[in-house]
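Just follow the structure's listing: the first ligand is 1, and inside any ligand the first atom is 1. Along the sequence shown, the residues carry numbers beginning at 1.
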Amino acid sequence: MAFVFPSLADPAVVIFTIAGALFSCLLLYSIRINLMFLETPARFRMLAGSRWDRKLLSQTYKELAKNPINYTDQLPPRLNRRYIVTGGAGLVGGHIVLQLLARGTPPESIRVIDIRRPERNDLHSEAATRVDFIQTDITSLGSVQAAFCKPWNQAVAHLPLTVFHTAAIIVPSARSKLQYEFVESVNVRGTKNVLIEARKAGADIFSSTSSASIAIRPVELFPSPWVSIPKNFAQVLDESDFYEPLRPHEEFFGNYPASKALAERLVCEANDGDSFRTGCIRPGNGVYGDPTDNTVGGPLSKSIMPTISFAPSKFSFLTYLLRLRWVPHIVQSFVHGANVAVAHLHHEAVLTTKNCPQAGRPFVVTDPNPPITYRDLYNVIKFLSLHSFHVVVLPPILILLLSHIIEWYILLPYRYMLLKHILPEIRGDLKYLQPGLFSICTHLVVSDSEARKPVEEGGLGYRGVLTTLQGMVWEVLEWNREHGSEHDKTHARKAYTTSVELAEQIQKLGVGGVRIST
Ligand SMILES: *[C@@H]1O[C@H](CO)[C@@H](O)[C@H](O)[C@H]1NC(C)=O
């Protein structure tokens with residue numbers, strides 16, 4: 001009996017066949033790019049130091065518990081100057097204030113301007129509380145002017161003035177120009193305002209916190225199936241982009257780096273070598289070192305509980321998805337807030353020399369050790385935190401698709417005003433799960449060789465004062481001390497506001513804000 005082919009004329013069969021073929025192709029393609037996003041190029045694997053296991057971590061923990069970190073003798077010598085620190089309640093600005101105090105600057109010579117008072121425990125020390133704090137909205141020129149014009153203590157009013165401008169907001173993943181206005185108002189307009197008032201106040205040194213993320217090129221999210229690795233999936237971050245024309249908006253991974261790049265150019269162009277020397281420090285890449293950071297503090301304060309609640313009001317399952325870890329293999333450099341602050345102090349010291357070649361440009365800085373992997377970071381929290389922390393690794397393709405759906409949904413009300421009051425708003429961390437997030441979760445290794453060069457060779461003579469291992473273990477140690485006290489048997493997690501959450505609160509309130517950058 002002859003085999004009978006189904007008639008090709010039958011439309012149902014044709015449609016079914018085509019649909020089946022398409023589906024198979026899509027499935028194969030998904031599997032292919034999923035595998036690509038799980039790759040680590042050999043070069044980057046070799047760059048990452050050795051892995052952190054339980055033994056190394058508990059040994060480091062014990063050592064630090066016995067001998068707390070004290071890098072006071074590694075700070076550049078004290079200068080006889082006055083200081084204004086914007087974002088001085090934040091991660092980098094707070095460390096600058098602490099280091100100025102530690103090297104002997106009297107509190108009367110320091111002024112912090114920030115949108116809110118510090119949550120950080122270390123900024124509640126005796127000396128730090130004597131530093132003047134002026135609540136300021138840097139998006140308002142009037143507000144900045146008031147903060148700069150307030151008279152100084154007679155004893156220090158004659159001293160030269162340094163401005164450390166660290167205030168900025170972090171919006172991690174949004175990339176659409178439709179959502180750019182708020183980021184622009186704080187990071188660009190805010191920087192303009194601070195520059196204007198710094199000049200008027202007679203500052204001669206202006207050291208601004210920029211971001212190494214400016215150098216990140218967006219990762220190709222849907223690569224051709226035959227390439228071995230998505231374009232821009234592994235990058236080395238340095239300052240070279242600064243010497244090229246400013247890239248168009250779409251060539252940054254998101255609104256945040258686009259705004260920081262613009263601000264950096266403004267700061268560097270304001271340099272005049274003689275009376276107003278400016279420049280930027282680009283922390284690379286994630287800044288950590290305080291429970292309010294997003295790198296270590298974020299995971300510390302939010303465990304993934306084994307029981308998943310689907311309560312729609314809290315979006316906890318979805319929040320969970322964002323805390324999702326699709327990145328344990330990813331190799332990245334990190335930088336402790338204290339190292340960024342030390343870099344700013346080196347920067348300041350160099351800028352005291354008129355017409356120095358270091359002025360009017362950015363310097364990338366990172367921790368003084370090879371990059372680590374996200375698995376190392378999770379191990380610190382998993383093995384050392386007194387709170388439980390579970391890592392759920394999800395396939396990247398799932399997150400990739402979800403992130404596009406979320407971005408599309410979030411942008412709907414921007415595109416169709418009518419929908420603004422109809423569509424429920426996405427709350428919680430889920431809204432950060434937009435495609436831009438993928439570009440900051442790729443292999444990103446920072447090269448800070450320029451900053452580490454001696455001053456005579458055009459560098460900053462920067463040397464980090466603590467390693468990523470020390471810094472991250474130290475952060476968990478402090479967290480445990482805070483939460484493991486006798487008085488608090490529940491070990492309830494203290495609700496810190498991370499810088500990303502703060503940005504959102506500020507946006508909700510409808511005012512611009514001052515805050516620390518990554
Ligand atoms: C840190 O070291 C300096 C001297 O290098 C010392 O004056 C200071 O008291 C030390 N700080 C702490 C908290 O031990």
Side-chain angles (χ1 to χ4, degrees), residues 59-83 85 88-110 112 117-133 155-156 159 162 164 166 287-293 296-297 300 335-350 352 365 367-369 380 384 452 454-455 460-487 494 496 516:
Q59 199 183 335
T60 311
Y61 191 92
K62 273 189 212 133
E63 274 164 22
L64 289 178
K66 218 166 17 158
N67 305 308
I69 293 171
N70 183 351
Y71 51 80
T72 307
D73 56 355
Q74 293 177 60
L75 298 174
R78 172 161 80 94
L79 301 173
N80 203 17
R81 301 177 66 89
R82 281 177 297 148
Y83 293 92
V85 186
L91 187 46
V92 173
H95 274 295
I96 291 178
V97 171
L98 292 172
Q99 291 177 9
L100 289 173
L101 292 168
R103 70 181 193 181
T105 305
E108 303 78 59
S109 306
I110 309 172
V112 164
R117 292 194 163 271
E119 269 182 28
R120 295 176 53 160
N121 298 318
D122 49 6
L123 288 174
H124 292 124
S125 70
E126 207 272 318
T129 51
R130 281 170 51 213
V131 170
D132 196 11
F133 171 90
V156 299
L159 295 176
T162 295
F164 288 115
T166 76
V287 187
Y288 66 96
D290 185 80
T292 57
D293 73 54
V296 181
L300 259 183
V335 64
H336 194 284
N339 285 335
V340 185
V342 165
H344 273 292
L345 296 190
H346 283 290
H347 194 223
E348 181 203 20
V350 173
T352 53
V365 297
D367 281 349
N369 49 268
V380 176
L384 301 180
R452 283 190 284 109
V455 177
L460 301 180
Y462 160 74
R463 274 192 43 217
V465 291
L466 66 177
T467 63
T468 310
L469 176 63
Q470 289 174 321
M472 289 187 174
V473 170
W474 181 249
E475 187 170 341
V476 177
L477 194 147
E478 299 233 286
W479 173 269
N480 287 349
R481 280 190 179 151
E482 184 179 5
H483 291 85
S485 76
E486 284 299 298
H487 316 290
K494 184 172 165 187
Y496 285 101
I516 201 67

Mutual orientation of the aromatic rings belonging to Phe164 and Tyr83 [parallel < 30°, tilted 30-60°, perpendicular > 60°]:
parallel

Check residues 59-69 and write down every donor-acceptor pair under 3.5 Å in which the side-chain atom is one partner and the other belongs to a residue at least two apart or another chain.
residue : atom : partner : partner atom : Å
Thr60   : OG1  : Leu56   : O            : 2.7
Tyr61   : OH   : Asn480  : ND2          : 3.0

For atom 11 (N) of ligand 1, is some protein heavy-atom partner under 4.0 Å away?
yes

Using a distance threshold of 4.0 Å (strictly less than), state whether atom 7 (O) of ligand 1 has a protein heavy-atom neighbour.
no

Output a table of donor-acceptor pairs, distance under 3.5 Å, between side-chain atoms of residues 71-79 and any protein atom two or more places apart or on a different chain; print 'none' if there are none.
residue : atom : partner : partner atom : Å
Tyr71   : OH   : Gln99   : NE2          : 3.3
Thr72   : OG1  : Asn70   : OD1          : 2.7

With a 4.0 Å cut-off, strictly under, does atom 4 (C) of ligand 1 pick up any protein heavy atom?
no

Nearest-contact summary for atom 9 (O) of ligand 1 - protein heavy atom, Å
Asn70 ND2, 4.8 Å

Is any side-chain N of the basic residue among Arg130 and Glu108 closer than 4.0 Å to the acidic one's carboxylate O?
yes

